[in-house]
Amino acid sequence: QVQLVESGGGLVQAGGPLRLSCAASGRTSSRYAMGWFRQAPGREREFVAAITSGGGSSYYGDSVKGRFTISRDNAKNTVYLQMNSLKPEDTAVYYCAASLRVAGRWSRITTASQSEYDSWGQGTQVTVSS
């Protein structure tokens, strides 16, 4: 298994940027596809973004496409989520997740399915004020 720890959350003004980081344990973490999900109060967990193990392909949820960018640095065992043009509706707890199954069956449907991910971080709070 892989251990994940998110960081970088906080309070930000609407329209501003914020970068989240997800540190993964183990040198074999580069075998995993990685994803970001978020959950707002009273709402179901929502797919945000996913990236292949090599970082060559990515998917984004409709609500964040064009504003957020997922990337990874396998030498540092870290995945990033760069969030720009933030809106109050982006307020949520953001979770990173890792999956060997998604790495082997890469598709828009598979990457957005919570049940396909093996490991989850504890989450980091992002609050966007208007």
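No hydrogens, no waters, no symmetry mates; every other heavy atom, side chains included, goes into these values. Everything numeric here is computed off the predicted structure, so don't read it as measured data.
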Please report the C-alpha distance between R101 and S115 in whole Å, then the side-chain angles of each, then the deciding distance to 0.1 Å, and finally whether the side chain to side chain donor-acceptor pair (under 3.5 Å) criterion is met.
-> CA-CA 10 Å; R101 290 191 297 276; S115 62; over 6 Å; no

CA sep, side-chain torsions, deciding dist, call: T110, S107, side chain to side chain donor-acceptor pair (under 3.5 Å) | CA-CA 5 Å; T110 301; S107 72; 2.9 Å; yes

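Counting all heavy atoms, side chain and backbone alike, A92 lies closest to A40 at CB-N, 3.8 Å. Across all non-hydrogen atoms, the minimal contact from E6 to T124 is CB-CG2, 3.9 Å. Closest approach of A14 to S130, counting heavy atoms only: CB-CA, 4.3 Å. Closest approach of N84 to P17, counting heavy atoms only: OD1-CB, 3.4 Å.
Note that SG of C22 is 4.5 Å distant from CG of L4, once rounded to the nearest 0.5 Å. Rounded to the nearest 0.5 Å, atoms CZ (R105) and CD (E116) are 4.5 Å apart. Going from atom CG of D90 over to atom CD of E46 covers 9.0 Å, rounded to the nearest 0.5 Å. Note: Q82 CD to S21 OG = 9.5 Å, rounded to the nearest 0.5 Å. If you take CE on M34 and OG on S71, they are separated by 11.5 Å, rounding to the nearest 0.5 Å. The line from OH of Y60 to CZ of R67 is 12.5 Å long, rounded to the nearest 0.5 Å.
In this structure, W106 and Y59 have parallel ring planes: the angle between them is below the 30° cut-off, well short of the 60° mark. Using cut-offs of 30° and 60° on the angle between ring planes, the pair F37 and W120 is tilted.
Side-chain contact check for T111 versus Y117: some heavy-atom pair is nearer than 4.5 Å. Between V12 and M83, the closest side-chain pair of non-hydrogen atoms is not below 4.5 Å. Taking 4.5 Å as the limit, some side-chain heavy atom of V48 sits within range of a side-chain heavy atom of L81. Side-chain atoms of D118 and V2, non-hydrogen and from C-beta on, never get closer than 4.5 Å to each other. S53 has its side chain out of reach of R31: every pair of non-hydrogen atoms, C-beta onward, lies at least 4.5 Å apart.
Proximity of a side-chain donor or acceptor of T78 to a complementary backbone N or O of D73 within less than 3.5 Å is not detected. Formation of a donor-acceptor pair under 3.5 Å by the S25 side chain with backbone atoms of Q3 is found in this model. Within the 3.5 Å criterion, the main-chain N or O of L11 finds no donor-acceptor partner in the side chain of T127. Listed for the Q122 side chain is no donor-acceptor partner under 3.5 Å among the backbone atoms of V5. Proximity of a side-chain donor or acceptor of Y94 to a complementary backbone N or O of Q39 within less than 3.5 Å is not detected.
A side-chain donor-acceptor contact under 3.5 Å links S63 and R38.
One hydrophobic cluster, built from ILVMFWY side chains closer than 4.5 Å, cannot hold both V79 and F47; they sit in different ones. Under the 4.5 Å side-chain heavy-atom criterion for ILVMFWY residues, a single connected hydrophobic cluster contains both I70 and L86.
Remark: E89 CD is packed, more than 12 non-hydrogen atoms of other residues, nucleotides or ligands lying under 6.0 Å away.
Partner of L20 under the side chain to side chain contact (heavy atoms under 4.5 Å, CB included) criterion, chosen from Y95, W36, Y80: W36.
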